[in-house]
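Values below: every heavy atom of this structure, side chains too, minus hydrogens, waters and symmetry copies. Residue indices begin at 1 and follow the sequence shown.
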Amino acid sequence: MKFKGFTLVELLVVIAIIGILIGLLLPAVQAAREAARRMQCTNNMKQYMISVHNYHDTNGCIPASRFALFNMTWSQGGNQGFAGNASATVALLPFMEQGARYDYVCETARNAGQGSPCWFPNEDPISTLLCPSDSNASQPCSHEGHARISIGTSLGDGGWHNNEEEAIELAEGRVASRGFFAPYRWRNLSFVTDGTSNTIAISEMVSDVQYSTKVKGGIYRTNGIFQGAVGNGGQGVPGPCLTEALNVNDPNSINNGSDTWRAQIWSDGRATTTSVSTVLPPNSPSCLYPYPCDGMAWGFFSAQSNHSGGVNVGLADGSVRFVSDTVDCGNLNAQCVRSGKSPYGVWGAMGSPQGGETVSL
């Protein structure tokens, strides 16, 4: 009597075929999941820009990238009144259906007293501010459990003191922010003379697990961006810093992690924490010029994402586009400019609302 069944060889062949099919299927599944995550990032950035436009319709301006929550006056060298480092996102909360969070922020800041930072420990994340492709985004910050953010306000192609108020810029004779957003400046859409569809307003950021760990690309504390800026009216040069950052054997290249709360405290408006620059290519290292006081540190803070090959950006007209890592960045050995066309190619031009360029992505 014969028994019907599979031989061992046949079973092994079937198992091998199944393994091959699974191997072919997994990348497709992962790609589909990433596509869904990227779409969610895009939707969140669109919602952010809708809140910016609604804020503008109500107040006649957009919020500053960094401001004093209860005291609009500026004082050099210290916190700016109550909750002096508030981010633009704080002002936008009521336009994101986050009125209760805004009330909590204001009440907590008032109770904290004069000179308090705009930090709110042990708080729940705001999902519309996060990108699911950033695996750390939904995790509480290692410092007191602050909520994170994946969206950075664009400071454009300016470099010198782009973390500070205009008085610093004027006193130093340099350029601060040439972006859609700026510290302590409440601009309106008429400022965007190059056209809202040609101007980057926001972009993506990623963060790491905790303070002073390496975020994507690293943040380098270096004097490299200071080269060429002394005594000749220069505004900082990004190229030398990028060279240092990419040359790991250079003893002058210092990477001690982020040395900032990069993307880890949504309510902190300092450039090192919640802003991006359209100077160095997307997903490249960022460059920080270290000031004695970290609150005054400035530099070139790259847009970063965990998407393959580039980052999402939100334009001033409310649309969202994907920008490749290989976008034209012009001459990175050129100094920043105070006015006129950006020396940093399409990427720099898209970050400058008044550069006189009409380029688009």
Subject >> Candidate pair Asn136 and Gln264, rule side chain to side chain contact (heavy atoms under 4.5 Å, CB included), full reasoning >> reply: CA-CA 9 Å; Asn136 295 310; Gln264 296 189 51; over 6 Å; no
Original post:
With a 4.5 Å limit on heavy-atom distance, are the side chains of Ser305 and Asn283 in contact?
Top reply: yes
**OP:** Check whether NZ of the Lys or CZ of the Arg Arg38 lies under 6.0 Å from the centre of the six-membered ring of Phe322 and within 45 degrees of that ring's axis.
**Re:** yes
**OP:** Take atom CD of Glu144 as the centre, draw a 6.0 Å sphere, and report whether it contains more than 12 heavy atoms from other residues, nucleotides or ligands.
**Re:** yes
Original post:
How far does CG of Leu130 sit from OG of Ser150, to the nearest 0.5 angstrom?
Top reply: 5.0 Å
Original post:
In terms of side-chain heavy atoms, does Ser87 have a donor or acceptor partner in Ser267 at a distance below 3.5 Å?
Top reply: no
Original post:
Are Trp266 and Asp268 close enough that some pair of their side-chain heavy atoms sits under 4.5 Å apart?
Top reply: no
Original post:
Side chain of Arg187, backbone of Gly179: donor and acceptor closer than 3.5 Å?
Top reply: yes
Original post:
Can you find a pair of side-chain heavy atoms, one from Pro240 and one from Asn333, that are under 4.5 Å apart?
Top reply: yes
Original post:
What pair of heavy atoms forms the shortest contact from Ala147 to Pro125, and how long is it?
Top reply: CB-CA, 3.7 Å
Original post:
Out of curiosity, does Ile202 fall in the hydrophobic cluster containing Met96 (side-chain heavy atoms, cut-off under 4.5 Å, transitive links)?
Top reply: yes
Subject >> Main-chain N/O of Ser339 paired with Gln354 side-chain donor or acceptor, under 3.5 Å >> reply: no
Original post:
How many angstroms lie between CE in Met39 and CG in Asn44, if you round to the nearest 0.5 Å?
Top reply: 12.5 Å
Original post:
Any donor and acceptor pair, going by atom type alone, linking the side chain of Tyr48 with main-chain N or O of Thr128 inside 3.5 Å?
Top reply: no
**OP:** Using a 4.5 Å cut-off on heavy atoms from C-beta on, say whether the side chain of Asp325 contacts that of Pro282.
**Re:** yes
**OP:** Please answer: with hydrophobic residues joined when any side-chain heavy atoms are less than 4.5 Å apart, are Ile151 and Val105 in the same cluster?
**Re:** yes
Original post:
So among Asn163, Thr272, Val279, Val276, which one has a side chain to side chain contact (heavy atoms under 4.5 Å, CB included) with Phe301?
Top reply: Thr272
Original post:
Could you walk me through whether Asn85 and Arg66 pass the side chain to side chain contact (heavy atoms under 4.5 Å, CB included) check?
Top reply: CA-CA 6 Å; Asn85 294 324; Arg66 178 187 182 190; 2.8 Å; yes
**OP:** Using distance alone, with no hydrogens and no angle criterion, decide if Asn43 and Gln47 have a side-chain donor and acceptor under 3.5 Å apart.
**Re:** no
Subject >> Exam field: side chain Arg148 to backbone Gln139, donor-acceptor pair closer than 3.5 Å >> reply: yes
Original post:
Can you list the steps and then say if Leu93 with Ile126 is a side chain to side chain contact (heavy atoms under 4.5 Å, CB included)?
Top reply: CA-CA 10 Å; Leu93 286 177; Ile126 302 173; 3.8 Å; yes
**OP:** State, yes or no, whether a side-chain contact exists between Phe180 and Ile200 at a heavy-atom distance under 4.5 Å.
**Re:** no
Subject >> Heavy-atom pair with the smallest gap, counting every atom of Met45 and Gly314 >> reply: CE-N, 3.6 Å
Original post:
Can you tell me if Ser203 uses its side chain to pair, donor with acceptor, with the backbone of Asn312 under 3.5 Å?
Top reply: yes
Original post:
Does any non-hydrogen side-chain atom of Ser286 lie less than 4.5 Å from one of Gln304?
Top reply: yes
Original post:
Does Thr278 use its side chain to pair, donor to acceptor, with the backbone of Ala349 at less than 3.5 Å?
Top reply: no
**OP:** May I ask you to decide if Ala68's main-chain N or O and Tyr184's side chain share a donor-acceptor pair within less than 3.5 Å?
**Re:** no
**OP:** Have a look at Tyr55 and tell me which of Phe95, Tyr102, Phe181 forms a ring-ring contact (aromatic ring centres under 6.0 Å, His included) with it.
**Re:** Phe95
Subject >> Short side-chain to backbone donor-acceptor contact, Thr108 and Tyr104, under 3.5 Å >> reply: yes
Original post:
Hey, does the side chain of Thr273 reach the backbone of Gly269 with a donor-acceptor pair shorter than 3.5 angstrom?
Top reply: no
**OP:** Please step through side chain to side chain contact (heavy atoms under 4.5 Å, CB included) for the pair Val52 and Met49, ending with a clear verdict.
**Re:** CA-CA 5 Å; Val52 170; Met49 288 310 302; 4.3 Å; yes
Original post:
Judged by atom type as modelled, is there a donor-acceptor pair below 3.5 Å linking the side chain of Asn59 to the main-chain atoms of Cys61?
Top reply: no
Original post:
What distance do Met205 atom CE and Thr153 atom OG1 have between them, rounded to the nearest 0.5 Å?
Top reply: 7.5 Å
